[in-house]
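This report concerns only the one structure given below.
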Number of protein chains: 2
Amino acid sequence: MEGNITKKERDCIIALHDHISLPVRLFNIAEMLNIKAPTAHELVNRLISKGVIEKNNGVISLTEYGNKVYGDIITAHRTMEIIFTKSGVNSDEACSEIGKIDYLMDEKSIEKLLLNIGNPEKCPHGKPVKP
Amino acid sequence: MEGNITKKERDCIIALHDHISLPVRLFNIAEMLNIKAPTAHELVNRLISKGVIEKNNGVISLTEYGNKVYGDIITAHRTMEIIFTKSGVNSDEACSEIGKIDYLMDEKSIEKLLLNIGNPEKCPHGKPVKP
DNA sequence: TATATATTTTAGTAGAATACTAACATTATG
DNA sequence: CATAATGTTAGTATTCTACTAAAATATATA
């Protein structure tokens, strides 16, 4: 339930949560992240040991803690997206650049940034800042 | 002259540039980064192979490219510091949090953020945004 | 049910980055 | 020259990423 998350782990969490259909299995993760099954297997095992995801009969899902981690990443992502696009950064450009940093950002700082821009409910793509 | 930089490499670049006195030697780097000499040796070699720093008679310095990299990191860092503190984040807190992401940020996006906040010359600590 | 297909897991390998100790080499300084 | 300071090499270890090949386990279909 502790410890930092890597970029690949971040991508896995996002992919898992945002997968088109349920249930999500190992091969879905591998496919989405463009990695082979054994690599996905290790990634998933690491995330399980970090308490972020769980596996039941091959079905992979976020734990409660994992959902919190996901939410924090998304809130950071969309908060920064709003700030970036307000400054004239193209929203797709903003999205890909912010994907490199969102999982490293401090929750409390993001909260303050969000408040300062007026607690908007949605990001430039129309998605909720707090999912 | 290409390729991404890691957090440790980022810290090394900053430490090297901001060292109190010249010349900077390997043991100064090790001391500043709190690592042993052989670890510093490898780090320095990696940065040399990336074209960021150079070594002459044991004296370590940034290359022209390294100075550019340093400048980009600092500009990103201070731009974000201004944005964070404007939202009420404590400046020391902001500094340490931003240190985790500044080296990953896109130069062009930072330029737009900076312009949007009125191209200030100095960060909350009074240091130049463009060193 | 038996065979075939799909999926997962294990084993083995590899490379980049980080970091250490111990030993050895080099360079100053006294 | 000898001692101290500094640098380098060698060897080991851990984490993360990623692969192939092979084995195991499901699941599906004939």
Side-chain angles (χ1 to χ4, degrees), chain A residues 1-16 19-62 66 69 73 96 99-104, chain B residues 1-16 19-62 66 69 73 96 99-104:
Chain A
M1 221 90 152
E2 287 281 318
N4 295 329
I5 275 168
T6 67
K7 177 61 161 63
K8 264 287 140 64
E9 288 165 359
R10 177 259 185 213
D11 290 344
C12 183
I13 292 166
I14 305 291
L16 174 54
H19 190 67
I20 337 100
S21 61
L22 292 176
V24 180
R25 305 192 64 98
L26 192 76
F27 78 93
N28 300 118
I29 303 264
E31 203 174 47
M32 287 187 282
L33 300 180
N34 262 298
I35 56 180
K36 303 294 174 189
T39 307
H41 189 252
E42 266 188 72
L43 178 58
V44 161
N45 281 348
R46 252 195 335 272
L47 283 167
I48 289 172
S49 78
K50 288 184 182 182
V52 174
I53 68 181
E54 59 194 358
K55 199 161 44 165
N56 294 302
N57 301 323
V59 177
I60 299 165
S61 56
L62 290 172
V69 172
I73 294 169
S96 77
K100 297 177 189 164
I101 60 169
D102 53 15
Y103 68 105
L104 296 168
Chain B
M1 218 90 153
E2 287 281 318
N4 295 328
I5 276 168
T6 66
K7 177 60 160 61
K8 264 287 140 62
E9 287 165 0
R10 176 259 186 212
D11 290 344
C12 184
I13 292 166
I14 305 291
L16 172 55
H19 191 67
I20 337 100
S21 61
L22 291 176
V24 180
R25 305 192 65 99
L26 191 77
F27 79 93
N28 300 118
I29 302 264
E31 203 174 47
M32 286 186 283
L33 301 180
N34 262 299
I35 55 181
K36 302 295 174 189
T39 306
H41 190 252
E42 267 188 70
L43 178 58
V44 161
N45 281 349
R46 252 195 335 272
L47 283 167
I48 289 172
S49 78
K50 288 183 182 181
V52 175
I53 67 181
E54 59 193 357
K55 198 161 46 164
N56 294 301
N57 301 323
V59 177
I60 299 164
S61 57
L62 291 171
V69 172
I73 295 169
S96 78
K100 297 176 189 166
I101 60 169
D102 52 16
Y103 68 105
L104 296 168

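Chain identifiers are assigned alphabetically (A, B, ...) following the order of the sequence lines, protein sequences preceding nucleic acid strands; residue numbering begins at 1 within each chain. Values in this document were obtained by computation on a predicted structure and should not be read as measured data.
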Rounding to a whole Å, what distance do you find between [X]:[atom1] and [N]:[atom2]?
X	N	atom1	atom2	value
A/Asn45	C/dA11	CG	P	13 Å
A/Lys8	C/dG15	NZ	P	18 Å
B/Asn28	D/dG7	CG	C1'	13 Å
A/Arg10	D/dC16	CZ	P	18 Å
B/Leu26	D/dT6	CG	P	11 Å
B/Leu43	C/dA16	CG	P	16 Å
B/Ile5	C/dA16	CD1	C1'	15 Å
A/Glu31	C/dT8	CD	C1'	15 Å

For A/Arg25, what residues pass the salt bridge (charged side-chain N to carboxylate O under 4.0 Å, His left out) criterion, not counting sequence neighbours?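 A/Arg25: no salt bridge (charged side-chain N to carboxylate O under 4.0 Å, His left out) contacts found.
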Tell me, please, which residues at least two apart from [X] pass side chain to side chain donor-acceptor pair (under 3.5 Å).
X	result
A/Asn28	none
A/Lys8	none
B/Lys100	B/Glu97

For A/Lys50 and D/dC16, is the shortest distance between a side-chain N/O and OP1 or OP2 below 4.0 Å?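 For D/dC16, OP1 or OP2 has a side-chain N or O of A/Lys50 closer than 4.0 Å.
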OP1 or OP2 of D/dG7 sitting under 4.0 Å from any side-chain N/O of B/His41?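 False: B/His41 side-chain N/O out of range (4.0 Å or more) of D/dG7 OP1/OP2.
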Taking all non-hydrogen atoms of both residues into account, name the closest pair between A/Ala40 and A/Ile29 and its distance. CB-CG2, 4.4 Å
Side chain to side chain contact (heavy atoms under 4.5 Å, CB included) partners for B/Ala37, two or more places apart: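 Checked B/Ala37 against side chain to side chain contact (heavy atoms under 4.5 Å, CB included); zero matches.
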So if I define the base as every atom that isn't primed, P, OP1 or OP2, how would nucleotides 20-30 of chain C read as a B/S/- string at a heavy-atom cutoff under 4.0 Å? BBB--------
